[in-house]
Amino acid sequence: MFKVLVIVGPTAVGKTNISIKLAQKFNGEIINGDSVQVYRGLDIGSAKIKTEEMKGIKHHLLDIKDPDESFSVAEYQKLVRDKITEISKKGKLPIIVGGTGL
């Protein structure tokens with residue numbers, strides 16, 4: 001079993017900022033945990049992080065689907081579990097960040 005840090009809460013409470021700071025401090029990579037940020041082109045309404053805000057921290061599962069593509073919770077969970085394993089095997093801390101309770 002791998003350690004995982006999860007940061008959740010509503011939009012605009014500072015999840016992104018704290019996740020970057022924690023990823024820098026604890027050698028982490030961030031996994032998107034927001035149900036809307038998986039979709040390409042839905043940047044403004046979802047407060048999706050901009051490249052310059054990432055400060056070199058690797059982010060996963062952003063912009064992986066088009067809005068008209070189907071995407072299930074089961075598919076999302078599999079992708080997240082795979083990313084947790086991948087990140088952990090590199091000796092890094094997976095950090096899931098989002099407003100969704102998934």
Side-chain angles (χ1 to χ4, degrees):
M1 179 147 319
F2 301 111
K3 291 182 181 181
V4 178
L5 176 61
V6 180
I7 302 169
V8 296
T11 301
V13 296
K15 295 182 303 291
T16 298
N17 190 36
I18 193 70
S19 69
I20 296 294
K21 289 178 181 176
L22 290 170
Q24 290 170 328
K25 182 171 181 144
F26 296 109
N27 191 29
E29 292 187 11
I30 296 171
I31 301 170
N32 170 44
D34 186 282
S35 64
V36 178
Q37 292 185 15
V38 297
Y39 295 105
R40 293 178 198 96
L42 301 180
D43 300 353
I44 296 170
S46 67
K48 193 178 298 176
I49 190 168
K50 296 173 181 66
T51 304
E52 61 272 11
E53 295 172 315
M54 293 180 184
K55 298 188 179 176
I57 301 298
K58 183 144 176 116
H59 282 64
H60 302 272
L61 305 184
L62 290 170
D63 296 327
I64 60 170
K65 295 285 182 178
D66 287 321
D68 61 348
E69 285 183 82
S70 66
F71 190 50
S72 71
V73 171
E75 184 180 357
Y76 171 77
Q77 289 176 338
K78 167 126 180 43
L79 291 171
V80 169
R81 287 183 181 116
D82 290 347
K83 287 296 176 187
I84 289 169
T85 300
E86 173 189 317
I87 293 165
S88 297
K89 285 185 175 181
K90 292 191 286 187
K92 296 187 169 228
L93 177 66
I95 304 170
I96 300 173
V97 182
T100 314
L102 297 176

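Index from 1, following the sequence.
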Run the side chain to side chain donor-acceptor pair (under 3.5 Å) test against [X] and tell me which residues pass, sequence neighbours left out.
| X | value |
| --- | --- |
| Asn17 | none |
| Asp66 | Arg40 |
| Lys78 | Asp82 |

Residues that [X] engages under salt bridge (charged side-chain N to carboxylate O under 4.0 Å, His left out), provided they are two or more places apart:
| X | answer |
| --- | --- |
| Glu75 | Lys65 |
| Lys83 | Glu86 |
| Lys92 | Glu29 |
| Lys55 | none |

Would you compute the distance between atom [atom1] of [X] and atom [atom2] of [Y] and round it to the nearest 0.5 angstrom?
| X | Y | atom1 | atom2 | answer |
| --- | --- | --- | --- | --- |
| Ile84 | Ile95 | CD1 | CD1 | 11.5 Å |
| Ile30 | Ile20 | CD1 | CD1 | 4.0 Å |
| His60 | Leu79 | NE2 | CG | 12.0 Å |
| Ile96 | Ile31 | CD1 | CD1 | 5.0 Å |

The criterion is side chain to side chain contact (heavy atoms under 4.5 Å, CB included); which residues satisfy it with [X], sequence neighbours excluded?
| X | value |
| --- | --- |
| Lys3 | Leu93 |
| Ile18 | Ile7, Leu22 |
| Val13 | Pro10, Lys15 |

- Nearest heavy-atom neighbours spanning Glu53 and Lys50: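 Looking at all heavy atoms of both residues, the shortest contact is OE1-N, 2.7 Å.
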To check you understand the geometry: which heavy-atom pair defines the closest contact between Phe2 and Ser88, and what is its length?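 Shortest heavy-atom contact: CD2-CB, 3.2 Å.
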| query | Considering only heavy atoms from C-beta outward, does the side chain of Phe71 approach that of Ile64 to under 4.5 Å? | reply |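 In contact.
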Residue pair Asn32 / His59, side-chain heavy-atom distance below 4.5 Å =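 They are not in contact (no side-chain heavy atoms under 4.5 Å apart), so the answer is no.
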